Amino acid sequence: MALLDIIAQSFPPKTKFTGDDVPDLTGKVIIVTGGNSGVGKETIRVLLNHNATVYMASRSEPKAEATIKELKELTGREAIFLKLDLGDLKSIKVSASKFLSKEPELHVLFNNGGVMMPPIEDRTTDGYDLQVCAHIFSLAVYQLCSNSIGPFYFTKLLLPALLAGAKSSPDGKARVVNTASGMHLMNKLHFKAILDDKARKRAGTQALYSLSKFAVVTYSAELARRYGDQCLVVTSLHPGVIKTDLHRHMSGVLGSVINIMEKTVLHDVSYGALTQLYAGTAGDAAQLNGKYLIPWARVGKPHPGTQDPKLGVELWDWMEEEVKPFE
């Protein structure tokens, strides 16, 4: 059933939301993690075209500066580089502090950055499975650490600016948009599996990727429960099956399938940005706190386990313990 759901989401109906529907964002301060390429880059391009002040949070300054220059030529507006490595918790604190020293308010945080199925040997600076970290802590940029723990920590550190941003917004809301994946529907692991080398290797990169995205959706629902009454709107989403270099580590049968899909059904990167742009900027999306979105800009059904408040608290408490040494 999960696989059928993922396939169905790969063939969405024609979009009713486009980049032209993004409202004027003058005065809005926005962070996009992983913004120097792919969906993040396209997201920033549209945001700049609608007058937002955008911070491009990326690991590589040379790559980011090249992208900033390119986007300035395209839009006439310049993004601001913010060095961020979601796989390095010490670095995350430095990045958040640097941002807060410049901006007292943050209106939208796109936890867009992440990795997909890197070699099983790859770990973050702090020893976590790479993909698990990137999607949880930014929420937004390595597999469990880059996809989950990193986004979690980054968001936590920026909460004061987000809550201040809500007070100054015309609609009284600030938003956190966490990029997940339809692959979260296939998760069968507990998040602590990343701490066991044997369990990690047994599971393989695909299962760990599914776990990291499951964690993103679970964390998003918990963040929404905790801060919804403080005018923070939190969503998670599946961006679609998009032509980017995110699939570069995929091999075997799944890699062959992706290669075939790239020539047939993979969508242009401009489509990949639509759902998160909708979540982060559309007026009616301010009413979607706690929801999981699917292509293109529609409310979808997440894995039921991600909506379990008990699991949400367990994951939250575990991540709090993991980042405590770096605070």
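Everything numeric here is computed off the predicted structure, so don't read it as measured data.
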- For the side-chain contact (heavy atoms from CB on, under 4.5 Å) test, which of Leu71, Leu82, Leu84 pairs with Met56?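 When side-chain contact (heavy atoms from CB on, under 4.5 Å) is applied between Met56 and each of Leu71, Leu82, Leu84, only Leu71 qualifies.
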Qualifying residue, where the test is side-chain contact (heavy atoms from CB on, under 4.5 Å) with Leu48 and the options are Val46, Ile44, Asn51
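Exactly one pass, corresponding to Ile44.
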Beyond-backbone contact of [X] with [Y], side-chain heavy atoms, under 4.5 angstrom:
X: Thr275; Y: Pro239; result: no
X: Leu277; Y: Leu47; result: yes
X: Leu274; Y: Pro295; result: no
X: Val241; Y: Phe11; result: no
X: Pro302; Y: Gln307; result: yes
X: Phe214; Y: Leu311; result: yes
X: Asn178; Y: Thr235; result: no
X: Arg45; Y: Asn49; result: yes

Next on the checklist: Does Met319 form a side-chain contact (heavy atoms from CB on, under 4.5 Å) with Glu222? I'd like the steps, not just the answer.
Outcome noted: CA-CA 12 Å; Met319 291 194 294; Glu222 182 62 18; over 6 Å; no
Considering all heavy atoms, the nearest [X]-[Y] contact:
X: Thr218; Y: Gly312; answer: CG2-CA, 3.9 Å
X: Ser181; Y: His184; answer: O-ND1, 2.9 Å
X: Asn187; Y: Ser210; answer: CB-O, 3.8 Å
X: Val233; Y: Ala285; answer: CG1-O, 3.8 Å
X: Ile92; Y: Asp85; answer: CG1-O, 3.5 Å
X: Leu163; Y: Gln230; answer: CD1-OE1, 3.5 Å

Original post:
Do you know which of Arg175, Lys167, Lys173 makes salt bridge (Lys or Arg N to Asp or Glu O under 4.0 Å) with Asp171?
Top reply: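 Output: one option passes, namely Arg175.
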State, without any angle test, whether Ser168 and His107 hold a side-chain donor-acceptor pair at a distance under 3.5 Å.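 There is such a pair (donor and acceptor under 3.5 Å, judged by atom type) between the side chains of Ser168 and His107.
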**Request:** Answer with yes or no whether the side chains of Asn36 and Ser58 bring together a donor and an acceptor at under 3.5 Å.
**Result:** yes
Is the centre of the Phe99 ring less than 6.0 Å from the centre of the Tyr55 ring?
yes
Are [Y] and [X] connected into the same hydrophobic cluster when the rule is that any two of I, L, V, M, F, W, Y join if their side-chain heavy atoms are below 4.5 Å apart?
X: Val94; Y: Leu109; answer: no
X: Met186; Y: Tyr292; answer: no
X: Leu189; Y: Trp318; answer: yes
X: Leu25; Y: Val32; answer: yes

Give, for atom [atom1] of [X] and atom [atom2] of [Y], the distance between the pair rounded to the nearest 0.5 Å.
X: Ile30; Y: Thr53; atom1: CD1; atom2: OG1; result: 8.5 Å
X: Asp21; Y: Thr281; atom1: CG; atom2: OG1; result: 8.5 Å
X: Leu157; Y: Lys93; atom1: CG; atom2: NZ; result: 7.5 Å
X: Phe326; Y: Leu89; atom1: CZ; atom2: CG; result: 4.5 Å
X: Lys69; Y: Glu73; atom1: NZ; atom2: CD; result: 6.0 Å
X: Arg298; Y: Leu237; atom1: CZ; atom2: CG; result: 12.5 Å

Q.
Are more than 12 heavy atoms, taken from residues, nucleotides or ligands other than Phe81, located less than 6.0 Å from that residue's CZ atom?
A.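 Counting other residues, nucleotides and ligands, CZ of Phe81 exceeds 12 neighbours.
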Task: Crowding at NZ, Lys291 (>12 non-hydrogen neighbours, <6.0 Å) - done: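 Check fails, neighbour count at 12 or below.
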Item to complete: Tell me, with the steps shown, if Asn289 and Tyr227 meet side-chain hydrogen bond (donor to acceptor under 3.5 Å, both in side chains).
Response: CA-CA 10 Å; Asn289 187 42; Tyr227 288 93; over 6 Å; no
Take the angle between the ring planes of Tyr219 and Phe152 and call it parallel below 30°, perpendicular above 60°, tilted in between.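 Answer is perpendicular, since the angle exceeds 60°.
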Aromatic plane relationship, Phe17 with Tyr278 - under 30° parallel, 30 to 60° tilted, over 60° perpendicular
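Taking Phe17 first and then Tyr278, their aromatic rings stand perpendicular (interplane angle over 60°).
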How far apart are the C-alpha atoms of Ser169 and Lys28, what are their side-chain angles, what is the distance that settles it, and do they pass the side-chain hydrogen bond (donor to acceptor under 3.5 Å, both in side chains) test? CA-CA 8 Å; Ser169 294; Lys28 296 283 188 179; 3.2 Å; yes
* To do: Please step through side-chain contact (heavy atoms from CB on, under 4.5 Å) for the pair His303 and Val217, ending with a clear verdict.
  => CA-CA 9 Å; His303 189 298; Val217 182; over 6 Å; no
From the list Glu322, Glu320, Glu321, Glu327, side chain to side chain donor-acceptor pair (under 3.5 Å) with Lys324 holds only for Glu321
